[in-house]
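Data first, discussion second: the structure below is written as structure tokens.
One-based numbering, in listed order, for ligands and for the atoms of each.
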Amino acid sequence: MTDQTSPADTLQDLRRSIDNIDAALVAILAERFRCTKAVGALKARYGMPPADPARESRQIARLRTLAEEAHLDPDFAEKFLNFIIHEVIRHHEAIARQSSDSANT
Ligand SMILES: O=C(O)C(=O)C[C@]1(C(=O)O)C=C[C@@H](O)C=C1
């Protein structure tokens, strides 16, 4: 029996799945940033530092294990998490600046 599916059809199917996955990633990232925004507001309100390196170390160790189990490159998973956390810390710092500005006016 021959495979009736053309390479173009296979590519189209795979790209449809990729587009669905990308949409899910955006939704998940938006939800994560919704949570971290609340964390940033809490930290600013109670004078907690924007970054928590000990927490980050635990997150990275956990994510590397999950990545290995999922056959994803753990170095890539670590870089990806660091990229996101870097952006979160930037947001936390901006929220802290805004709340100290409004406390001083
Ligand atoms: O858990 C926190 O304290 C956060 O601010 C969230 C978060 C994260 O994005 O996961 C960001 C910055 C911290 O350094 C650690 C973790």
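Val88 and Phe80 fall within the same hydrophobic cluster, where Ile, Leu, Val, Met, Phe, Trp and Tyr residues are linked whenever their side-chain heavy atoms come under 4.5 Å apart, directly or through other members.
Residues passing the side chain to side chain contact (heavy atoms under 4.5 Å, CB included) test with Phe83: none are found, sequence neighbours excluded.
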Mind running salt bridge (charged side-chain N to carboxylate O under 4.0 Å, His left out) on Arg90 and Glu93 for me, showing each step along the way? CA-CA 5 Å; Arg90 224 173 51 78; Glu93 287 167 348; over 6 Å; no

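When heavy-atom distances to ligand 1 are checked against 4.0 Å, the residues falling inside are Arg32, Thr36, Val39, Lys43, Pro50, Ala51, Asp52, Arg55, Glu56, Gln59, Ile85, Val88, Ile89, His92, ordered by chain and number.
Taking a cutoff of 4.0 Å between a charged side-chain nitrogen and a carboxylate oxygen, Arg16 and Asp19 do not qualify as a salt bridge.
Of the candidates Glu68, Glu69, Lys79, Pro74 forms a side chain to side chain contact (heavy atoms under 4.5 Å, CB included) with just one, namely Glu68.
Across all non-hydrogen atoms, the minimal contact from Asp75 to Asp73 is N-OD1, 3.0 Å.
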